[in-house]
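Scroll down for the structure; my scribbles are underneath it.
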Amino acid sequence: MDFKNIFKIMDSKNKSLIEIHIAVLFFGLAGLFGKLISLPSIVIVFGRVLFASVFLITVLFFQKQSIKLDERKEYFYFIMLGSILAFHWVSFFLAIQLSTVAIGLLMFSTFPVFVTFIEPIFLKEKICVKDIFIAAITFCGVALVIPNFEFENSMTQGVLWGILSGFSFAILSVLNKKYVSKYKSLVISFYQCFVATIILIPFIFMLKPVFESKNLILLIILGVIFTGVSHTLFINGLKNVKAQTASIIASLEPVYGIIATVILLREIPSLREILGGIIILTTAIYSTLKTKKTD
């Protein structure tokens, strides 16, 4: 028995697990920037995708990776994916700004439940009764999070935008499956961030934001470290870790984010939010495991 090779494999797997945990931690902490940066959500997302695009194209250049797509029609497809990503992140940060980081993260976490409904539509399959039951339980959790369901209430608006964030990310996840086996994940991430940057430019001219040095530095950190680096770490980690294991770790994103929020921003979730969050995360993990088994 070659113990040297066994320990080498174990070290590679442990390194990959650490990379994925760090990436998920960064994903969770990204939500805090919605409170730390005093700019509209559209401007925050513009800065995020702009600096992420610069970082990703730099990584691809040094790795000598081609970003050329095989077919011309695929460029139009990636324009659609980039547009969805832009909407997803704008709605995500808007949810956080209108409510709390915890609510924004928990509502985003509903996306695996949406995936279980969206995939059968694309695959032309019947939706299971079990999926409807899981969705009902999930939205019971959502109902617990909402303190008072009134459209004028900023918390309610935050929850609704958060759900839209989860729904749009579910669509993005399903559509991305078409190309993850064909192109490198970094190439896909670059195109989506780059397209999102182009799409948001007109809004920047309309809003004419004033970039203070503090906000500019935070946007660079958000784009480079909490987007570009985190995506790179997560993708690298997948080399030695099963996708199902990575998905379970990814479900810790709101947990990491909420703990950080309590420590750094002193935003302490109510008992209702905690109970609702437990229900949402439980159904999200179940939906993720179910989806991976059918892949």
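Using a 4.5 Å heavy-atom threshold, the side chains of Ile258 and Glu273 count as separate. The side-chain heavy atoms of Leu200 and Ile42, taken from C-beta on, include a pair separated by under 4.5 Å. By the 4.5 Å heavy-atom criterion applied to side chains, Ile188 and Lys184 are not counted as neighbours. Put simply, the side chain of Ile103 reaches to within 4.5 Å of the side chain of Met155, judged on heavy atoms. Residues Val59 and Gln65 have side chains not in contact (no heavy-atom distance under 4.5 Å, counting atoms from C-beta outward). Within the 4.5 Å cutoff, the side chain of Phe93 has no heavy atoms near those of the Ile37 side chain. Ile84 is not listed as a side-chain neighbour of Gln192, based on a closest heavy-atom distance of 4.5 Å or more. The shortest side-chain heavy-atom distance between Ile225 and Phe26 falls under the 4.5 Å cut-off.
Listed for the Tyr75 side chain is a donor-acceptor partner under 3.5 Å among the backbone atoms of Leu69. Looking at Thr227, its side chain never comes within 3.5 Å of a backbone N or O of Val224 through a donor-acceptor pair. Ser53 places a side-chain N or O within donor-acceptor distance of the main-chain N or O of Phe194, the cut-off being under 3.5 Å.
The only option from Thr282, Ile279, Leu281, Thr283 that meets the side chain to side chain contact (heavy atoms under 4.5 Å, CB included) definition with Thr138 turns out to be Thr283. Partner of Phe167 under the ring-ring contact (aromatic ring centres under 6.0 Å, His included) criterion, out of Phe114, Phe111, Phe92: Phe114 alone. When each of Asn215, Val210, Leu216, Leu218 is paired with Leu39, the side chain to side chain contact (heavy atoms under 4.5 Å, CB included) condition holds for Asn215 and for no other.
Smallest separation of non-hydrogen atoms from Leu105 and Gly257: CD1-CA, 3.6 Å. Val187 approaches Ser66 most closely through the heavy-atom pair CG2-O, 3.9 Å. When all heavy atoms of Cys193 and Thr197 are compared, the pair lying nearest together is O-OG1, 2.8 Å. Closest approach of Ile118 and Ala170 over heavy atoms only: CD1-CB, 3.7 Å. When every heavy atom of Gly158 is checked against every heavy atom of Ser99, the shortest pair comes out as CA-OG, 3.8 Å. A pairwise comparison of heavy atoms in Leu29 and Ala260 identifies CD2-CB, 3.1 Å as the closest pair.
The neighbour count for Phe133 CZ, taken as heavy atoms of other residues, nucleotides or ligands under 6.0 Å away, does not exceed 12. Few gaps surround NZ on Lys35; more than 12 heavy atoms of other groups in view lie less than 6.0 Å from it. Residue-environment remark: CH2 (Trp161) stays at or below the threshold of 12 foreign heavy atoms within 6.0 Å.
A continuous path of Ile, Leu, Val, Met, Phe, Trp and Tyr side chains, each step under 4.5 Å between heavy atoms, connects Phe51 with Phe226, placing both in one hydrophobic cluster. Linking ILVMFWY side-chain heavy atoms closer than 4.5 Å, directly or via other members, places Ile278 and Phe108 in two distinct hydrophobic clusters. Under the 4.5 Å side-chain heavy-atom criterion for grouping Ile, Leu, Val, Met, Phe, Trp and Tyr, Leu56 is connected to Phe27 within one hydrophobic cluster. In the hydrophobic cluster analysis, where Ile, Leu, Val, Met, Phe, Trp and Tyr join through side-chain heavy atoms closer than 4.5 angstrom, Leu32 is grouped together with Ile263. Under the 4.5 Å side-chain heavy-atom criterion for ILVMFWY residues, no single connected hydrophobic cluster contains both Leu94 and Leu222.
If you take CD1 on Ile171 and CG on Leu81, they are separated by 11.0 Å, rounding to the nearest 0.5 Å. Going from atom CG of Leu25 over to atom CD1 of Ile18 covers 13.0 Å, rounded to the nearest 0.5 Å. From Ser91, atom OG reaches atom CG of Leu98 across 11.0 Å, with rounding to the nearest 0.5 Å. The distance from atom CG of Leu36 to atom CD1 of Ile96, rounded to the nearest 0.5 Å, is 10.5 Å. Considering OG of Ser165 and CG of Leu160, their distance stands at 12.5 Å, rounded to 0.5 Å. One finds the CG atom of Leu85 at 8.5 Å from the OG atom of Ser189 (value rounded to the nearest 0.5 Å).
Ring geometry for His231 versus Trp89: interplanar angle over 60°, hence perpendicular rather than tilted (30 to 60°). Taking the six-membered ring for Trp and thresholds of 30 and 60 degrees, Tyr191 and Phe78 have ring planes inclined between 30 and 60 degrees apart. Relative orientation of the Phe169 and His88 rings is tilted, given thresholds of 30° and 60° on the angle between their planes.
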Next item on the list: Might you work through the side-chain contact (heavy atoms from CB on, under 4.5 Å) test for Glu267 and Val262, ending with a clear yes or no?
Entry: CA-CA 5 Å; Glu267 278 187 3; Val262 171; over 6 Å; no
Item checked: Verdict with reasoning, Met80 to Leu175, per side-chain contact (heavy atoms from CB on, under 4.5 Å) -> CA-CA 10 Å; Met80 180 179 66; Leu175 295 178; 4.0 Å; yes
Margin query: Test side-chain contact (heavy atoms from CB on, under 4.5 Å) on Glu71 and Tyr77; report intermediate values, then the result.
Written below: CA-CA 10 Å; Glu71 299 178 54; Tyr77 193 88; over 6 Å; no
Next item on the list: Go through Asp70 and Lys182 one step at a time and tell me if the side-chain contact (heavy atoms from CB on, under 4.5 Å) criterion holds.
Entry: CA-CA 10 Å; Asp70 293 340; Lys182 188 175 182 181; 3.1 Å; yes
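Taking the six-membered ring where the residue is Trp, the centroids of Phe46 and Phe203 are separated by 6.0 Å or more.
Taking 4.0 Å as the cut-off between side-chain N and carboxylate O, Glu212 and Lys214 do not count as a salt-bridged pair. A salt bridge does not link Glu74 to Lys68: none of the charged nitrogens lies less than 4.0 Å from a carboxylate oxygen.
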